[in-house]
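One is the number of the first residue; the rest follow in order along the sequence.
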Amino acid sequence: MKKFKFALLAVALAGSSMAMAQDKAAMVKQFLDLQRPGIEALARGLVEQSSAPIAQAGSQYLQTQVPAEKREAAAKAADAELKKYFDDAYPIVRDKAVALAPDALGPILRDNFSEDELRQLLAWINSPLSKKYQELNPKMQTALTEKLVAETRSSIEPKMRTLDANVAKALGAPTEGAPPAKSAPKAPAKK
């Protein structure tokens, strides 16, 4: 009889443990579902960031190398290509980010939060205060960014111009107002 009670207790504990793990897994899934807009925003940022250097180089080229009368049409054509890239790349990166999130984030959540902490976290994320904070967060970031840029522009812009000129010089590229660097004469071909 003791063995039967012990076996029954073991089954009950195992079932309870499995239920707790399922509850925790369900809470992790719920958390990730709630974080989907943030995951998609991360993907958007990565795609935009990947094309930013091309857009910046194109803009600089447009201002320095394209005749003024052709700039508007060239800018529209370049913008259309950038939009086409974004429209093609974003769904790929977004879908992959959403698919990878459970495997990338799930273990971190499961290993670092107790079931009770996950419950509290979900309660916070679903609370009106959290929703209000999330709505205001972009405004707060924009306000700080605008103030920061305004306050540092006069210090940073000269450094950026110097960096641009120094990098162009290091690469042997022409710099604004300077004649293009002459290449070294080539040795005559041996016969």
Visitor: How would you list, by chain and number, every residue that makes a salt bridge (Lys or Arg N to Asp or Glu O under 4.0 Å) with E81, sequence neighbours excluded?
Guide: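 With neighbours one apart ignored, the set is empty.
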Visitor: Is L121 linked to L34 within one hydrophobic cluster, defined over Ile, Leu, Val, Met, Phe, Trp and Tyr using a side-chain heavy-atom separation of less than 4.5 Å?
Guide: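 Result: yes, single cluster for both.
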Visitor: With sequence neighbours excluded, tell me which residues meet ring-ring contact (aromatic ring centres under 6.0 Å, His included) with F86.
Guide: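 Partners of F86 under the ring-ring contact (aromatic ring centres under 6.0 Å, His included) test: Y90.
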Visitor: Taking a hydrophobic cluster as the set of Ile, Leu, Val, Met, Phe, Trp and Tyr residues connected by side-chain heavy atoms closer than 4.5 Å, whether directly or through intermediates, do F113 and F31 fall within one such cluster?
Guide: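 Yes.
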Visitor: Can you list the residues that meet the side-chain contact (heavy atoms from CB on, under 4.5 Å) rule with P67, with sequence neighbours excluded?
Guide: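 With neighbours one apart ignored, the set is E69, K70.
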Visitor: In terms of hydrophobic clusters joined by side-chain contacts under 4.5 Å, are L46 and V98 together?
Guide: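 Each belongs to a different hydrophobic cluster.
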Visitor: S59: which residues meet the side-chain contact (heavy atoms from CB on, under 4.5 Å) condition with it, sequence neighbours left out?
Guide: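 Result, side-chain contact (heavy atoms from CB on, under 4.5 Å) vs S59: none returned.
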Visitor: What residue pairs, at least two apart or across chains, pass side chain to side chain donor-acceptor pair (under 3.5 Å) with a residue in residues 132-146?
Guide: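 Matches after skipping sequence neighbours: S130-Q134.
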Visitor: Locate the shortest heavy-atom distance separating E115 from D23; write the atom from each residue and the value.
Guide: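 Heavy atoms of E115 and D23 come nearest at OE2-CB, 3.5 Å.
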Visitor: Using 0.5 Å steps for rounding, measure from the CD atom of E117 to the NZ atom of K24.
Guide: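 Answer rounded to 0.5 Å: 8.5 Å.
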Visitor: For M140, does the CE atom have more than 12 heavy-atom neighbours from other residues, nucleotides or ligands under 6.0 Å away?
Guide: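 Atom CE in M140 is packed in, count exceeds 12.
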Visitor: Would you say L129 and W124 make side-chain contact, with heavy atoms under 4.5 Å?
Guide: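 A side-chain contact under 4.5 Å exists here.
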Visitor: Grab the two heavy atoms, one from L148 and one from T152, that are nearest each other, plus how far apart they are.
Guide: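 That closest heavy-atom pairing would be O-OG1, 2.7 Å.
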Visitor: Go through the structure and list residues passing side chain to side chain donor-acceptor pair (under 3.5 Å) with K83, not counting sequence neighbours.
Guide: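 With sequence neighbours excluded, K83 shows a side chain to side chain donor-acceptor pair (under 3.5 Å) to D87, given in chain and number order.
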Visitor: Between CD1 of I54 and CG of L82, what distance do you get to the nearest 0.5 Å?
Guide: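 Rounded to the nearest 0.5 Å, the CD1-CG separation comes out at 7.5 Å.
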Visitor: Hey, could you give me each pair passing side chain to side chain donor-acceptor pair (under 3.5 Å) that has a residue in residues 42-51? Not counting sequence neighbours.
Guide: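 Qualifying pairs: S50-Y85.
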Visitor: Mind running side-chain contact (heavy atoms from CB on, under 4.5 Å) on Q35 and I125 for me, showing each step along the way?
Guide: CA-CA 9 Å; Q35 294 304 304; I125 288 173; 3.5 Å; yes
Visitor: Go through the structure and list residues passing side-chain contact (heavy atoms from CB on, under 4.5 Å) with V28, not counting sequence neighbours.
Guide: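 With neighbours one apart ignored, the set is L32, L109, R110, L118.
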Visitor: Does K29 have any side chain to side chain donor-acceptor pair (under 3.5 Å) partners at least two apart in sequence or in another chain, and if so, which?
Guide: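 Partners of K29 by the side chain to side chain donor-acceptor pair (under 3.5 Å) criterion, ordered by chain and then number, come out as D33.
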Visitor: State which residues pass side-chain contact (heavy atoms from CB on, under 4.5 Å) with D116; sequence neighbours excluded, sorted by chain then number.
Guide: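 S114, R119, Q120.
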Visitor: Testing the basics here: between A97 and A43, what is the closest heavy-atom pair and its distance to 0.1 Å?
Guide: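 Closest heavy-atom pair between A97 and A43: CB-CB, 4.3 Å.
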Visitor: Rounded to the nearest 0.5 Å, how far apart are CG of L144 and CD of E151?
Guide: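 If we round to the nearest 0.5 Å, L144:CG and E151:CD are 11.0 Å apart.
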Visitor: Quick one: does K131's side chain get under 4.5 Å of N126's, heavy atoms only?
Guide: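 With C-beta onward as the side chain, the pair touches.
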Visitor: Would you say Q65 has more than 12 foreign heavy atoms packed within less than 6.0 Å of its CD?
Guide: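 Buried by this count: over 12 neighbours within 6.0 Å.
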Visitor: Going by side chain to side chain donor-acceptor pair (under 3.5 Å), name the residues that satisfy it together with R36, two or more places apart in sequence or in a different chain.
Guide: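 Residues passing side chain to side chain donor-acceptor pair (under 3.5 Å) with R36: E40.
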Visitor: Just grab all the side chain to side chain donor-acceptor pair (under 3.5 Å) pairs involving residues 158-168, residues at least two apart or on different chains.
Guide: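 Output for this query lists Q60-D164.
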